[in-house]
Amino acid sequence: MSFTIDAGASVKRLQAAMPLDALENRILLCHALGLSRVGLITQSERALTEEEAGRLSALVQRRLDGEPIAYIVGEREFFGLPFKVSPAVLIPRPDTELIVELALERLPQGGRMLDMGTGSGAIAVACAHSRRDGGVTALDLSEDALEVARANAAANGVQVRFLRSDWFGAVGDERFALIASNPPYIASHDEHLSQGDLRFEPAGALTDHADGLSALRTIVDGAPAHLLPGGWLLLEHGYDQAEAVRALLAARGFAEVQSWRDLPGIERVSGGRLA
């Protein structure tokens, strides 16, 4: 499907005529024209120039071709904060706010936490923004992802130590009060990888290229050597993986093993405390 916007079309008419849903129409109009939501109302009769029409047409076509809105506009809100995103990182999702909430509840005053596979830095930056008394370390294997994460930490005015690391490789014998991770957990054969927004996101951040549990196993196995006594390990996982992750945690000797449900009611995060 192709869509072309003609010069002279008004903002008001385009909000109704553009082929996306109402929210996406508003987002792309604001982005293309440099308008706020209020501006869409106060400048509703504004007629687009030829340059503006061409720019907006290109943005709409990218979305019709399936590209995620967040990549088109280069930003996504997470935990009330703006995050720059690019195809080098996963798009932060509301479901992941659950692990931030759980981490903030369990991080002791002045405690240090580790975010593994930080991507855009969403978990690390959100925690550092809410808990400026603590220290946050975040790691990722991708230098491109770390570049995005560093920019997000700076833009949100927080201090996060970023490390390029293949899981625990760069943290030596350091120990933390809490470890959190949203690792690749989609199995290599999962049909969702070829659908929707996932088609555009970095495969290495989505799938472990195995059964979906290999990264989770690595983190669970290595976490006890990097947690302080009583420290918590929190893991985001797939909609059908809670039981398997609880079993991994229990087998490794974690106490208070449990899972927590996200807003749609799916067991999205599992964790345990180092006994």
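The structure displayed is predicted, hence computed values, not measured ones.
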Nearest 0.5 angstrom please: [X] [atom1] to [Y] [atom2], how far?
{"X": "Arg268", "Y": "Asp262", "atom1": "CZ", "atom2": "CG", "result": "5.0 Å"}
{"X": "Leu104", "Y": "Ser130", "atom1": "CG", "atom2": "OG", "result": "5.0 Å"}
{"X": "Leu33", "Y": "His31", "atom1": "CG", "atom2": "NE2", "result": "10.5 Å"}
{"X": "Asp240", "Y": "Asp190", "atom1": "CG", "atom2": "CG", "result": "8.0 Å"}
{"X": "Ile219", "Y": "Leu213", "atom1": "CD1", "atom2": "CG", "result": "11.5 Å"}

Less than 4.5 Å apart, any side-chain heavy atom of [X] and any of [Y]?
{"X": "Leu40", "Y": "Cys30", "value": "yes"}
{"X": "Leu107", "Y": "Cys127", "value": "no"}
{"X": "Trp260", "Y": "Leu98", "value": "yes"}
{"X": "Ile179", "Y": "Met116", "value": "yes"}

TODO: Describe, in one word, how the ring planes of Tyr239 and His192 are oriented to each other, choosing from parallel (under 30°), tilted (30 to 60°) and perpendicular (over 60°).
DONE: perpendicular
Open item on the list: Check whether Ser57 reaches the backbone of Ile5 with its side chain - one donor and one acceptor, N or O, closer than 3.5 Å.
Closed with: yes
TODO: Mark yes or no for whether Arg112, through its side chain, and Arg175, through its backbone, hold a donor-acceptor pair below 3.5 Å.
DONE: yes
Open item on the list: For Thr137 and Arg161, which I'm curious about, is there any donor-acceptor pair between the side chains at under 3.5 Å?
Closed with: yes
Task: Pair Glu67-Phe200, side chain to side chain contact (heavy atoms under 4.5 Å, CB included): steps then yes or no - done: CA-CA 7 Å; Glu67 187 173 350; Phe200 293 82; 4.0 Å; yes
- [ ] Run the ring-centre check on His226 versus Phe168 and record whether the distance is less than 6.0 Å.
- [x] yes
